[in-house]
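Worksheet for the structure shown next.
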Amino acid sequence: MASSIFWLKHKYKLSGLILILPFVFLYQSLSPSFPPAWPSQQLGEFKIAPMPLDLKAPYKHHDDYVKDFMLIFEQGDVAHIRQGYANIGPEALPLEALQKGENGVLHGSKHGQHVHAITGAKLAATDSLWVSIQNWQGEWLVSQWPIPEAVLVQ
Amino acid sequence: MAKISNRFWFMLHGWVSLPIWILFSFICLTGTVAVLSHELTWLTNPAARATNPNELPAKPVDELMLVVEKAYPNAQVMGAMTLEPYLVNAITFTDADKPYAIAYVNQYTGEIQQINEGLTFIGFMRSLHGWLLFPWQSGYSVGYYLVCSMALLMLASLVTGLIVYKRFWRSFFAPKLRLTQGKKTLLSDLHKLSGVWSIWFIAIMSLTGLWYLVQAIFWHADIDIESHAPMIAAEQVPLMQAGDTQLPSANVSFTEALSLAKQRFPDFQPSYVMLPEHQRDMYHLSGSGDHIFYDQYSYSLSINPWTGEIASATSPETMTGMQTLMHIADPLHYGTLGGIWTKLIWFFFGLVLSGMSITGFMMWGLRHVRAFKQAETKDLAADMIGETR
């Protein structure tokens, strides 16, 4: 009986508990953490280490499934890139497929490049991350990173 | 048709509003503060004020970008935001030690007054009000849905409240606020009076909130209300020829792009501009014109830096119905349509609306206080009897 009165008295205050969450999310946004970067590889003048922004499964964006990465340029000047793309799959996508939309395009500033790498709905053990860069001379440079186990299990 | 009793409408009024009253009050209060977030920034941060003692004309945004590039030679300017004339322009840039920074540049003096590397108060308040800081994932945020769905409950509260309060329009001609007849009467009068005088405001908040809900569903379903600017065809980006020593660079500068935008829309006032993020990207310019009911992004252009072609342009004259709704919702929701005066009106009614959910809950509490007390007394007696047995 006492508990039912307590419930009647306080039931309309319960929605206030949701307001704890904004503080949790504020803390999370102020102290972000990312998975470790993958080992760097050399593509011509560029030495790149890809870092997935999370360990979640790919998400759908404008007709493609994509997975987000930050590309850390340890060497090389991004101003020397005419166009650059990334995809995840058994092989690097052909240029015609990469050029069709904005997904998969390397973008950002000289201090950090992002990419929404085009992928399938699910990552497979046979998949790799492929980064394809064309320099201003028209030369295509392609590099491959096998998908680590930690990313596959998601 | 069977007549629905007044008691049912009264109960329904409580059902749609009481369970969420704390959350609703919080959303109303944060929205109320968000309405004046620019002014509060001006008030609390002298570095955000665009003081202009010498009555100088405002410098164009491309000039302000150059100021930042000159002061931070290693930086890359990404874009710019022009806010109210009494606030500095915000030039966004990255640097070796700054993944994202905002330079507060006084558009009259050209002086950099502050470098902000974190969340701004304006951005924080809008995010807190808009989606309670719930994270965004795959085009949706649970918090955004939660906040937008309040519009349905607010509309239901308004309709049921007006049905319960017979002849509510008398409150316009003979407002009643009895201060000396007890707490219950005072709260009831205050709740009713606030509600009637806020009908227009609650209706606007509900309808714009419903629009935000529709917009959320569109985002979640990956349906664009406004089409994305096209990518530049790869063939239009030149290759280096044998003997070239310099990297190809854009034929059209940002200053020229601004001038092209002005030619296309003579009243164009840039409010948010972005420089290309890669070689197949365009200059993206959004701004306002001479339409007071439209937001500050109602004119937008994408300009090809290699050819100077205006690849896409939208304005209120060419918008679809959905695009129009998208661009008139914010000025109506935030009261920005008439400048500071309408913002102050919206702020006042925001407080009234927040207060209504509090007075509503207090009325419910007072109505049940005797019943709670009686029940508690009975419980105590029952407990005591139980213990002595």
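So that the names make sense, note that chain A is the first sequence line, chain B the second, and so on, each numbered from 1. Keep in mind that the numbers below use all heavy atoms, side chains included, and drop hydrogens, waters and symmetry copies.
Taken from CG in A:Asp63 to CG in B:Asp222, the straight-line distance is 7.0 Å, to the nearest 0.5 Å. The line from CG of B:Leu119 to CG of A:Leu30 is 7.0 Å long, rounded to the nearest 0.5 Å. Atom OG of A:Ser15 is separated from atom CZ of B:Phe26 by 11.5 Å, given to the nearest 0.5 angstrom. Rounding to the nearest 0.5 angstrom, the gap separating the CD atom in A:Gln113 from the CD atom in B:Glu277 is 8.5 Å. Taking NE2 of A:His111 as the start and CE of B:Met78 as the end, the distance is 10.0 Å to the nearest 0.5 Å.
Nearest heavy atom pair, residue A:Trp136 against residue B:Pro248, reads CE3-CG, 3.4 Å. Minimum interatomic distance between B:Ala234 and A:Arg82 (heavy atoms only, all atoms of both residues): O-NH2, 2.7 Å. The two atoms that bring A:Ala79 and B:Leu247 nearest to each other are O-CD1, 3.6 Å, heavy atoms only. The nearest pair of heavy atoms linking A:Leu19 to B:Leu23 is CD2-CD1, 3.6 Å. When all heavy atoms of A:Gly108 and B:Gln76 are compared, the closest pair comes out as O-NE2, 4.2 Å.
Heavy-atom distances place both the backbone and the side chain of B:Phe134 under 4.5 Å from chain A. Residue contact with chain B, scored on non-hydrogen atoms closer than 4.5 Å, involves the backbone of A:Ile81 exclusively. For chain A, the nearby part of B:Leu146 is the side chain; its heavy atoms alone come within less than 4.5 Å. Looking at B:Asp281, there are no atoms closer than 4.5 Å to chain A (heavy atoms on both sides), in backbone or side chain. Neither the backbone nor the side chain of B:Gln241 comes within contact range of chain A; no heavy atom of the residue lies under 4.5 Å from a heavy atom of that chain. Proximity to chain A involves both the backbone and the side chain of B:Leu239, based on heavy atoms less than 4.5 angstrom apart. There is no contact between B:Phe93 and chain A, counting heavy-atom distances below 4.5 Å. Proximity to chain A is limited to the side chain of B:Phe361, based on heavy atoms less than 4.5 angstrom apart. Heavy atoms of A:Gln83 lying under 4.5 Å from chain B belong exclusively to its side chain. With a 4.5 Å cut-off on non-hydrogen atoms, A:Gln28 does not touch chain B at all. Interface remark: B:Trp131 contributes no atoms to any contact with chain A (heavy atom separation under 4.5 Å). Heavy atoms closer than 4.5 Å to chain B are found nowhere in A:Asp54, neither backbone nor side chain. In this structure, the portion of B:Ala75 lying under 4.5 Å from any heavy atom of chain A is its backbone and not its side chain.
Ranked by non-hydrogen atom pairs under 4.5 Å with chain A, the options B:His368, B:Met231, B:Arg280 are led by B:Arg280. In terms of heavy-atom pairs under 4.5 Å with chain A, the best-connected choice from B:Ala233, B:Gly139, B:Pro135 is B:Pro135. With respect to chain B, the highest number of heavy-atom pairs below 4.5 Å among A:Lys110, A:His114, A:Gln134 belongs to A:Lys110.
Of the residues listed (A:Val115, A:Leu106, A:Val105), the one engaging B:His278 in a side-chain contact (heavy atoms from CB on, under 4.5 Å) is A:Val105, and it is the only one.
Around CD of A:Glu91, the count of heavy atoms belonging to other residues, nucleotides or ligands within 6.0 Å does not exceed 12. Around CZ of B:Phe121, the count of heavy atoms belonging to other residues, nucleotides or ligands within 6.0 Å exceeds 12.
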Legend entry - Intermediate values then yes/no, side-chain contact (heavy atoms from CB on, under 4.5 Å), A:Phe25 and B:Leu132: CA-CA 9 Å; A:Phe25 296 136; B:Leu132 302 169; over 6 Å; no
Inset, instruction - Assess whether side-chain contact (heavy atoms from CB on, under 4.5 Å) is satisfied between B:Leu18 and A:Lys11, documenting all intermediate values. - result: CA-CA 9 Å; B:Leu18 278 167; A:Lys11 62 181 178 182; over 6 Å; no
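When side chains are defined from C-beta on, B:Asp224 counts as touching A:His62, because their heavy atoms get closer than 4.5 Å. Counting heavy atoms from C-beta on, the side chains of B:Leu133 and A:Tyr27 never come closer than 4.5 Å.
A side-chain donor-acceptor contact under 3.5 Å links B:Trp21 to the backbone of A:Tyr12.
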